[in-house]
Number of protein chains: 2
Amino acid sequence: MSLKVERASLAEQVKEILINRIIEGKYKGGERLIELAVAKDLGVSQAPVREAFQQLVAMRILESEPHKGTRVREITDCEMGESTMVRGYLEEAAARHAVHALKDKLDDLRAEVQGMLDALEKGNFVAVAKHNVNFHRAIVHASGNQVLISVWESLAFEAKSRLCAQKAAYSVMLNGVKSCEPIIEAFSRGDGETAGRLLRLQTEKCGDVQKTATQRLTPADLHKALAAYKPAAT
Amino acid sequence: MSLKVERASLAEQVKEILINRIIEGKYKGGERLIELAVAKDLGVSQAPVREAFQQLVAMRILESEPHKGTRVREITDCEMGESTMVRGYLEEAAARHAVHALKDKLDDLRAEVQGMLDALEKGNFVAVAKHNVNFHRAIVHASGNQVLISVWESLAFEAKSRLCAQKAAYSVMLNGVKSCEPIIEAFSRGDGETAGRLLRLQTEKCGDVQKTATQRLTPADLHKALAAYKPAAT
DNA sequence: GGAATTTCGATTATCGATAATCTATATTAC
DNA sequence: GTAATATAGATTATCGATAATCGAAATTCC
C-alpha cells in the first residue's frame, strides 16, 4: 500500500519550491523567471507554474507585466519598512481583540520567546526569525478575525523575514526579543490596548533601525548581551 | 483601421464580468461556479476563467477547495464587519502618513462628499457607495505606502460596498457622509492623527450599526434629514 | 551615420484534450 | 434493512500545442 501523502497540487508544490529557491538566493532579486523554463526544469507543464507565479505575484514576491514577463521582486529596505508598518497596525488591531482568546495561550507565547533566545545563542538566525513569526502569528490568529488573518498572512511576513534574516543586525534581533516580554505581560493583565501599542511601536522601531543602522554587534558582543539578559528571562 | 482598445487580457475581462454578475445578483451567494460552464458561456477556454477565479478567490469574493469546486462566497454581516474593522486600521495608518500629500487635494475630497450628497438625494445608493469609495481611496493612495495601498485594494471595498449598497440603511449612509467633513477639516489643519482616529471610529460605528440596527429611515425621512443637513454643507 | 521599419526569436496568453479526483448513486454482502 | 463497496457522471487539475505579443537585431531609406 503506497502512502501517497502528496496531498498538494502541483501548483502548490511549485510555489513552495520557488519560494525556497528565492529565499536560498538561487534566484536573485531582479532575475527573470520564464514559465516554460521553470516548467521544464521541474518536469511539469506550463499551467501549474503559471498558477504558482500568480500566487507569488499576489504575495508581492514576484512581479509581472502582461506579455513582458515575470521577475523576482527586489524587496527594498523601503518596502520592507512599508510592509512592517502595515503589519504593525494590523497586529495592534489584532491585539485589542485577541486578549480573551490569549488568556490561556500565554505559555505558547513564552515558549516562542524562549525559542528565539535559544536560537539566538546558537547563532541560528533563520530559527530566530521563525520563532518570531510564530509569536506574531499566534497573536493575529487569536484575534479570530478571518479577514485580518488573511491580510496578515498575505504580507508573507515569514518569507520576507527569512529573506532578510541575514541582513538583520544582531542588535535588532536582541531588542526584538526583549520587547516581546512586556507584550506578554500586558496580555496577561488583559490589557490589549497596551499590548497593541507595544506591537506597533516594535515595528516602528524596527523600521527606524532598518533605515538608519548599519552598525552591527559582533557575535562576541551578542553573546555578552545575551548572558546579561538571560537571567531576567528565566 | 480597427480601434482595438481591448487592452485587457481575457482573464482580466472575465474577472470584470464575473464581479459585475455577482454584484448584480445574477450569481447568488453560495452558488457554485463551474469553470467549463462559465468558459462556454463567455466563449473562451477554461484557462482564463480559472485565472479569473483565482484572483477572485484572493479577493475573497469566491471560495474554492481543491477538486471540490468554486462558489460565490456569502459575505456575512460578520465578515463585512471584520473587513470594515481592518479597513479602519489601514486608513488610520494611511491618514497619518497622507497629511502632506493631501494638502493640495482637499478639494478632491470635498468633491466626493458633494457627490455623495447629490447621489443620496437622488436615492442612487450605488453612486453614494462609489463616491464613498473614492473618498477613502484618495486618502489611502495619498499615503504613498505601496504595501498599504495594495492591501487596502485587496479588501475589495468597492465590490463589497456595492454588494451591500441595497442593504445599507439610509441613516448609516447619511451619518457616513456627515462624518467625512470633520476628517477633511482635520487634514486641512495638518492633523493626521485626528483624521486617522476619525476614520477608524467611522468604521467602528459602521460595524455597530450594521450589527444592531435594522431600523431604517423611510425615503421621506431621508429627504427631511438631507434638507436639514445641506445648509451647513454649502 | 542615423532614424524608421521589418524580421525574427523568445515568451506569454490561450486553447482543446486528457488525466486525476470528487460526489452521489447503485450494488452487494451480511 | 444497513453498511460497506463499486460504479458512473461531473468537475477540476494538468498537459502539449498553437496564437498573440514583445524586444532586439537586421535592414532599408534618407
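Naming: A, B, ... by sequence-line order, numbering from 1 per chain.
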Nearest to the side chain of [X], which nucleotide is it out of [options]?
{"X": "B/K68", "options": "D/dA13, C/dT23, D/dC15", "value": "C/dT23"}
{"X": "B/R50", "options": "C/dT12, C/dC15, D/dA13", "value": "D/dA13"}
{"X": "A/L10", "options": "D/dT11, C/dT14, D/dC15", "value": "D/dC15"}
{"X": "A/S45", "options": "C/dT14, D/dA13, D/dG16", "value": "D/dG16"}
{"X": "A/P48", "options": "D/dT14, C/dT14, C/dC15", "value": "D/dT14"}

Nearest-Å distance for atom pair [atom1]/[atom2], residues [X] and [N]:
{"X": "A/E51", "N": "C/dA13", "atom1": "CD", "atom2": "P", "answer": "14 Å"}
{"X": "B/K40", "N": "C/dT14", "atom1": "NZ", "atom2": "C1'", "answer": "19 Å"}
{"X": "A/Q55", "N": "D/dA13", "atom1": "CD", "atom2": "P", "answer": "11 Å"}
{"X": "B/E35", "N": "C/dA20", "atom1": "CD", "atom2": "C1'", "answer": "14 Å"}
{"X": "A/L42", "N": "D/dT14", "atom1": "CG", "atom2": "C1'", "answer": "14 Å"}
{"X": "B/H67", "N": "D/dT11", "atom1": "NE2", "atom2": "P", "answer": "15 Å"}
{"X": "A/L36", "N": "D/dT21", "atom1": "CG", "atom2": "C1'", "answer": "15 Å"}
{"X": "A/F53", "N": "C/dT12", "atom1": "CZ", "atom2": "P", "answer": "7 Å"}

side-chain contact (heavy atoms from CB on, under 4.5 Å) between A/C180 and A/F135, intermediate numbers included: CA-CA 9 Å; A/C180 287; A/F135 178 85; 3.7 Å; yes
Residues A/Y27 and A/R71: side-chain donor-acceptor under 3.5 angstrom: no
Short side-chain donor-acceptor distance under 3.5 Å, A/Q146 and B/E82: no
SB check A/E153 A/R137 (cutoff 4.0 Å): yes
A/M85/B/N145 under side-chain contact (heavy atoms from CB on, under 4.5 Å): CA gap, chis, key distance, verdict: CA-CA 9 Å; A/M85 187 201 99; B/N145 182 323; 3.7 Å; yes
Touch class at under 4.0 angstrom, heavy-atom based, for A/Q46 against every strand present: base
